[in-house]
Amino acid sequence: DDAFQFLSRASSQGNIADANPDLALCLAYRGNVADAHKLLGSFLEHVVELRHPRLYVDTAIAGGLVWSMAGDWSAGLEHLEVARQIAGKYGDDVRRARLAPHLVRFYTWKQNYDAGEQILQEGERLSARLGLPDVAARTETERGHWLAEQGRFTEAVEAFSRPLGFFASS
């Protein structure tokens with residue numbers, strides 16, 4: 001509740017623009033997915049008006065979970081791809097890596113397995129090179145989802161099993 005209150009005050013008073021993506025996540029985790037989705041949409045419009053590329057990417061990273069929970073796959077995929085292009089343009093490999101698990105999930109839902117595989121490889125390569133174990137674990141989890149959706153269940157179970165140690169220790 002303390003984090004929610006802090007983010008809510010920061011967002012409503014306009015003191016910390018970066019609070020909005022995290023506030024949307026808090027709302028979604030608290031079960032207010034519709035409000036989170038609405039906040040995310042209006043904030044993305046504001047970010048575009050501000051022409052603030054880093055904030056757009058960070059909002060898309062947070063939005064990956066909100067769009068997933070809201071079932072808004074088309075808008076989510078569109079924003080995630082734009083964010084990936086922005087992060088690539090600015091050489092921001094950390095943010096590109098953090099986008100990867102979300103993109104894989106959305107491409108899997110759209111049954112675009114080739115694009116999903118390309119993003120999986122990119123996410124794995126970036127998270128290994130940059131030493132991002134949380135991103136590596138999330139990407140491997142999405143590999144399991146990607147495999148399961150293709151009916152490759154034995155491989156999916158193996159992929160789901162690999163990051164268990166990371167998640168159990170964090």
Side-chain angles (χ1 to χ4, degrees), residues 3 6-7 10-11 14-29 36-37 39-70 72-147 149 159 162-163 165-167 169-170:
F6 171 78
L7 292 168
S11 174
N15 296 337
I16 305 173
D18 295 24
N20 287 288
D22 292 327
L23 178 59
L25 279 175
C26 281
L27 285 167
Y29 285 139
H37 190 256
L39 174 63
L40 198 64
S42 64
F43 186 64
L44 275 170
E45 290 175 15
H46 179 66
V47 169
V48 169
E49 289 172 12
L50 290 175
R51 298 176 188 232
H52 198 307
R54 183 196 53 82
L55 191 51
Y56 185 95
V57 175
D58 288 345
T59 303
I61 292 168
L65 288 172
V66 175
W67 292 311
S68 294
M69 294 169 84
D72 192 359
W73 304 340
S74 295
L77 183 57
E78 181 181 328
H79 288 297
L80 290 164
E81 268 301 339
V82 169
R84 180 172 172 255
Q85 292 169 12
I86 292 169
K89 176 181 176 183
Y90 289 98
D92 194 336
D93 288 348
V94 171
R95 285 183 172 85
R96 267 184 45 223
R98 292 197 182 287
L99 287 161
H102 300 297
L103 281 161
V104 172
R105 182 179 331 110
F106 282 76
Y107 277 125
T108 298
W109 284 334
K110 293 286 191 177
Q111 297 181 338
N112 188 342
Y113 302 120
D114 292 338
E117 183 174 28
Q118 178 186 359
I119 300 297
L120 275 169
Q121 292 170 357
E122 178 179 295
E124 290 166 345
R125 186 180 67 254
L126 289 170
S127 62
R129 181 172 59 83
L130 298 169
L132 302 169
D134 60 319
V135 176
R138 288 186 189 99
T139 303
E140 189 64 18
T141 300
E142 291 305 331
R143 176 177 287 287
H145 177 225
W146 176 79
L147 289 163
E149 287 295 318
R162 284 190 284 271
F166 172 81
F167 289 124
S169 68
S170 54

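All values reported here derive from a predicted model rather than from experimental measurement. Quick note: residue numbers are just sequence positions, from 1.
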Over all atoms of both residues, closest heavy-atom pair of L25 and A62 = CD2-O, 3.4 Å

Rounding to 0.5 Å, atoms CG (L80) and CH2 (W73) come to a distance of 14.0 Å

Once the angle between the rings of Y56 and H79 is folded into 0 to 90°, is it parallel (under 30°), tilted (30 to 60°) or perpendicular (over 60°)?
-> tilted

Side-chain contact test, heavy atoms from C-beta onward, threshold under 4.5 Å: evaluate it for D92 versus V57 and give yes or no.
-> no

T139 side, atom OG1; R98 side, atom CZ - distance, nearest 0.5 Å = 10.0 Å

Nearest-0.5 Å distance, NE2 of residue H46 to CG of residue L39 = 11.5 Å

Over all atoms of both residues, closest heavy-atom pair of A137 and F166 = CB-CD2, 3.4 Å

Rounded distance [0.5 Å steps], CH2 in W146 versus CD in E140 | 11.0 Å

Which atom of V66 lies closest to which atom of A28, heavy atoms considered | CG2-CB, 4.1 Å

Shortest non-hydrogen contact from A97 toward S127 | CB-N, 4.4 Å

For D93, enumerate each residue passing the salt bridge (charged side-chain N to carboxylate O under 4.0 Å, His left out) test, keeping only those at least two apart in sequence or located in another chain.
-> R96, R129

List the steps and the verdict of side-chain contact (heavy atoms from CB on, under 4.5 Å) for H37 and L27.
-> CA-CA 9 Å; H37 190 256; L27 285 167; over 6 Å; no

Is there any side-chain hydrogen bond (donor to acceptor under 3.5 Å, both in side chains) pair reaching into residues 110-121, and which pairs are they, with sequence neighbours excluded?
-> S74-K110

Nearest heavy-atom neighbours spanning I61 and H102 | O-NE2, 3.1 Å

Rounded distance (nearest 0.5 Å) linking atom OG1 of T59 with atom CZ of F43 = 4.5 Å

Hey, are Y107 and E142 close enough side-chain-wise for a donor-acceptor pair under 3.5 Å?
-> no

Search all heavy atoms of G116 against all heavy atoms of V104 and return the closest pair with its distance.
-> O-CG2, 3.7 Å

Rounded distance (nearest 0.5 Å) linking atom CZ of R143 with atom CD of E124 | 4.0 Å

Could you please spell out the steps behind the side-chain contact (heavy atoms from CB on, under 4.5 Å) verdict for L65 and Y29?
-> CA-CA 9 Å; L65 288 172; Y29 285 139; 3.0 Å; yes

Matching residue for F106 among D72, L77, I119 - test: side-chain contact (heavy atoms from CB on, under 4.5 Å) | L77

Kindly indicate whether the side chain of L44, heavy atoms from C-beta on, has any atom under 4.5 Å from the side chain of V48.
-> no

R54: salt bridge (charged side-chain N to carboxylate O under 4.0 Å, His left out) partners, not counting sequence neighbours = D18, D58

